[in-house]
Every structure is written in C-alpha cells, then in structure tokens.
> 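The structure that follows is given in the form of structure tokens.
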Number of protein chains: 2
Amino acid sequence: MRRTKAEAEATRRQIICAAERVFFKKGVSNATMEDVAKAAGVTRGAIYWHFANKTALFMELYKSVPLPQEDMVARELESDDADVFAVVERAAAKWLDALASDEQRQRILTILLRCDYSGEFAPVLEKQQHVDDDHKCKLESALARVASKGQLSACWTPRSAASALRWMMKGLCSEWLLHGRRFDLAGEGRENLRRLIESLRGADATRAR
Amino acid sequence: MRRTKAEAEATRRQIICAAERVFFKKGVSNATMEDVAKAAGVTRGAIYWHFANKTALFMELYKSVPLPQEDMVARELESDDADVFAVVERAAAKWLDALASDEQRQRILTILLRCDYSGEFAPVLEKQQHVDDDHKCKLESALARVASKGQLSACWTPRSAASALRWMMKGLCSEWLLHGRRFDLAGEGRENLRRLIESLRGADATRAR
DNA sequence: TCGTTTACAGACGTTCATGTATGTTAGGCG
DNA sequence: CGCCTAACATACATGAACGTCTGTAAACGA
C-alpha cells in the first residue's frame, strides 16, 4: 500500500486541512493527534511521518496564512508622492475582502487568536511581536511624511494615528472572528476604516463625501 | 494538623495567588495542578479540597478581576445632561491607571488574553461576548444622544464611534499586556483616547487644546 | 527486474496528569 | 471534655496522549 509521491502530498494536505478543522473546533491544546488523524481519514502514524509533532503541525498552519500587515505595508507606502491614506485604506479593504470570502483563512486566524501562546508557542508570539513592531514603524514613518505636508489632522500625531489604525483593524477582525462573524466584515470594516481615516485627514475631513 | 477557619481561608487565597502566577508563567493548559500546589506550598489534596478542578480555579480568577466595561458604562452615562465624552474619557483613564499600577490585575488579564477558550472555557468567552454586546449598546445609545445634540463629528455615526472606542481600548490593552508592557499605558493610553475623542467631537475639535 | 526506500498502519511501552479514596490530626462545638 | 468533622496529606487507580518501533506492500530508481 505504498502511495505515489502525488498521493503522499495529497494526504499531507488532508492532514493539514483536518488539523485546521479540528484545531478550530476543539482548540489547539484540547485537540489530540488521534482527533486529527480520524478527521483526515488516516492513522497517527501518517501524521508522525509528515510532521514531527503537534507543534510542527501548528507552525504549518501559522505559516500558511497571510497576515494583514503584509498587505498594509505595501511598497507603494514608501513612494514619496503616494496618497498614503488612500493606499492604506485600499490595502486594508482588500485584505478584509479576502478574509471575508475565505472560510479557511477565517478558521486559521480564529485558531491563532484563541490559542495559548505560553510554552511551546511562545516563539510564534514573539515573531508576531516583531512583525507588529515593523509594521508600526513603517506606518508611522509614512504618516510622518503626511504630517510634514500638513495633511494630518492637528488632533493626531503620526504615532497615535498609526496605533489607532492598527488597533482598529485588530479589534475589528478579532471581534468578527471570535464573536461569531455577526456583522458584515468587508462592509462595516471598510466603512469604519474610512471614517477613521477621514478623521486623520486634515481640515478637509468634513467636506469629504 | 487540622487548621483553623482563618488558616484555611489563608491557604485558599494562597492557592488562588499561586494559580495566578503559574497560569501566567506556563499558560492555563500547560499548567498542572502539581505546579500550582508546589507554588502554593501545599499538596494537590488541598487544591482539590477547595476547588473542584482546574476549570473552577480558572473561573475564580476570571471572577476576581474587574473588566474595563464595568467602569466605562458608568451610571453617569445614562443621565441626559452629562458630558458623555468627558465621562467616557475619565472612566477609561481611571481604569487604565488601575491596571497600570496593579501587577496582579495585569497577570490575570494576560492569562485571560492568552488562554484557549475552546472546550471547557467556551462559556467564559460567551459571557464575555454578552458583556461586550451590552457595553456596545450602552455606549452607542449614549453617543446617539450626543449626536442628536449635534455634538458628534460628521465623520462618525454613533455605532462606528462606539466601535472605534472599544477597539482602541482593547487594542491598547492587548498590545501592552501581550507585548511586554513596553510603553507607558496610563500616559499614552490616555493621550490616544483623548485624540480619538477629540476627533469624535464636532467641529470644535481643532480649536481644542 | 530486483533491491531499496517510501509512505504509511498498527502495536507497544511509557509518561504524566487527573480524580478519588483513604489516612491523619487537630479545631470547634455541644 | 470528648466526639465529629473540617482541612488537609498521601497513596492509589485510571486513562489518555504521546512518541517510537516494527511490519509491510508498493513505488521508484538502477
């Protein structure tokens, strides 16, 4: 019953897919390898062949999902003449659309939000921290350029504006994912984003449409 | 070695205190009753005497910490002539101060942020959801009254403003607790809150100090 | 075509945490 | 003052999950 290379790759994908569903349903720490094996229609032996342990499986899921930061710090942000606000709004909206229409991505992000990062998964949290820091820096310096052109409302500093944007995005997604996706993420998310950005813009905020 | 009532109550508190430290360090799911017992200087027998199991211990911790919502939906908010913005800002700032100066509260909230709510702890998450909903409603209706007086900026609706406020608070606290408390929570938190609220206020935002 | 290795299934041994059951001692109460 | 029970400590039984080891049949390379 030796499988061909293609078949092996297929079962590997089955295992990852099953892990995603099981982790989502029972939580990472409560899920057992046996659970994942059953859901994938294989035995634990197969899983241990493809992955070292549960941590490795989790890492695989973590690697497989694009985070909002990757989109939001688009290269365009670095160009000096870009409309930073528009770029950020577009990128965020695009990412929200992608999340809203991809159930798999929803499950994986939910898993990442719910899981316990103490112990074995601590490095993941640390890495996430660095990604966050980096994203914050990029956003902040872009907003600093905006401010130097006098296009940032007097209410805000580059730093606080960057924080507000990031927290808004995170709060939005967290609430949507953890509280049962009870509102229209793409619609309301985009709307709220737009409102915040309007507030960040200078005096022309009130005459914007 | 039968203890007096007072002594028993003391060991009970020791256990809770130890659980807090151990849960914080190893995470709820990775922590064992033996760990907690050692940290408390007792045996597992003592813990099982005072608590049914680890879930009960966790619930005890959950009950013991005041959440920001309780302060933010102060009764003052319901009074019709109150300055809603000022009330919210003061309540939030007060809560941030309390958190920043109380390490125990920090640890407990960190535990609650990190832990895996699938399975046994799911009810906690649900309850949290209802508290959140309730808080959102209260805040929203208060902001609706503000809007009816024309004191809410044209950029915002009551609903989006309430969301923005809540997400800002959550993002602020989450980042501070999960990323190693690397900034001044009370100071920067209050500052950002103030900026957002200034943006929520009407046209007088720019002439505010 | 034949040996080797891959891709698993299944069995095994071990660890480890949990919950309970029992033992023990002293406090509180009549 | 003596009994009962509170407040634990200790010992025990159980089971679940893990990781490994062996078996095996077929794919793949030479």
Side-chain angles (χ1 to χ4, degrees), chain A residues 1-61 111 114-116 118-122, chain B residues 1-61 111 114-116 118-122:
Chain A
M1 299 164 182
R2 155 104 187 261
R3 322 301 159 88
T4 167
K5 284 233 175 224
E7 284 172 332
E9 183 57 28
T11 67
R12 194 189 125 94
R13 296 199 174 283
Q14 276 177 41
I15 291 169
I16 294 177
C17 184
E20 173 211 312
R21 293 194 311 270
V22 172
F23 286 176
F24 175 73
K25 185 167 188 186
K26 309 187 66 170
V28 180
S29 52
N30 291 322
T32 157
M33 295 298 243
E34 180 72 28
D35 292 333
V36 176
K38 273 186 184 169
V42 294
T43 65
R44 276 170 46 241
I47 301 184
Y48 278 104
W49 170 256
H50 287 284
F51 306 94
N53 46 38
K54 200 160 75 174
T55 305
L57 240 180
F58 174 81
M59 293 300 189
E60 196 63 34
L61 282 183
I111 292 168
R114 278 197 199 151
C115 90
D116 191 334
S118 321
E120 304 222 65
F121 299 154
Chain B
M1 299 173 180
R2 157 105 185 262
R3 323 299 157 87
T4 167
K5 284 232 174 224
E7 283 172 333
E9 183 57 27
T11 66
R12 194 189 126 93
R13 295 198 174 284
Q14 277 177 41
I15 292 170
I16 294 177
C17 184
E20 174 211 311
R21 293 195 310 270
V22 172
F23 286 176
F24 175 73
K25 185 168 188 186
K26 310 187 65 171
V28 180
S29 51
N30 292 322
T32 158
M33 295 298 242
E34 181 71 28
D35 293 331
V36 176
K38 272 186 184 168
V42 295
T43 65
R44 277 172 44 245
I47 301 184
Y48 279 103
W49 171 255
H50 287 284
F51 306 95
N53 47 38
K54 201 159 76 173
T55 305
L57 241 181
F58 174 81
M59 293 301 189
E60 196 63 34
L61 282 184
I111 293 168
R114 277 197 200 150
C115 89
D116 191 333
S118 320
E120 304 222 65
F121 299 154

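Protein chains get the first letters and strands the later ones, always in sequence-line order, with residue 1 at the start of each. Computed over heavy atoms, backbone and side chain alike; hydrogens, waters and symmetry mates excluded.
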> Quick check: does any side chain N or O of B/Asn30 sit under 3.5 Å from a backbone N or O of A/Ser118, one acting as donor and the other as acceptor?
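Checked: pair present.
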
> Is it true that a side-chain atom of A/Arg21 and a backbone atom of A/Ala39 form a donor plus acceptor pair closer than 3.5 Å?
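Pair found, side chain donor or acceptor close to backbone of A/Ala39.
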
> Listing request: all salt bridge (Lys or Arg N to Asp or Glu O under 4.0 Å) pairs with a residue in residues 25-43 of chain A, at least two apart in sequence or in separate chains.
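Applying salt bridge (Lys or Arg N to Asp or Glu O under 4.0 Å) to every pair that reaches into residues 25-43 of chain A, excluding sequence neighbours, yields A/Lys26-A/Asp35.
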
> Taking the six-membered ring for Trp, is the centroid-to-centroid distance between B/Phe23 and B/Phe58 below 6.0 Å?
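No: the rings miss the under 6.0 Å criterion.
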
> In this structure, are over 12 heavy atoms from other groups packed under 6.0 Å from B/Glu60 atom CD?
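For B/Glu60, atom CD is crowded (more than 12 foreign heavy atoms under 6.0 Å).
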
> Please give me every residue in residues 26-58 of chain A whose heavy atoms get under 4.0 Å of an atom in DNA chain C, ordered by residue number.
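By residue number: A/Val42, A/Thr43, A/Gly45, A/Ala46, A/Trp49, A/His50.
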
> On the side chain of A/Arg2, is there an atom forming a donor-acceptor pair with the base of D/dA27 - under 3.5 Å, no angle test?
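It does, because a donor-acceptor pair links the side chain of A/Arg2 to the base of D/dA27 below 3.5 Å.
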
> Please determine if B/Lys5 and B/Glu9 form a salt bridge, counting it only when a charged side-chain N lies under 4.0 Å from a carboxylate O.
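Salt bridge between B/Lys5 and B/Glu9, a charged N being under 4.0 Å from a carboxylate O: no.
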
> Within 45° of the axis and under 6.0 Å from the centre of the six-membered ring of B/Phe121, does NZ or CZ of A/Arg114 qualify?
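No.
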
> Does anyone know the first and last nucleotide of DNA chain C in reach of chain B, 5' to 3', at under 4.0 angstrom to a heavy atom?
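Under 4.0 Å from chain B, the extent on DNA chain C is C/dA17 to C/dG28.
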
> If you measure from CE on A/Met33 to CG on A/Leu57, what distance do you get to the nearest 0.5 Å?
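CG of A/Leu57 is found 5.5 Å from CE of A/Met33.
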
> Is the shortest side-chain N/O distance from B/Thr4 to OP1 or OP2 of D/dA7 below 4.0 Å?
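Indeed not, no polar side-chain atom of B/Thr4 lies that close.
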
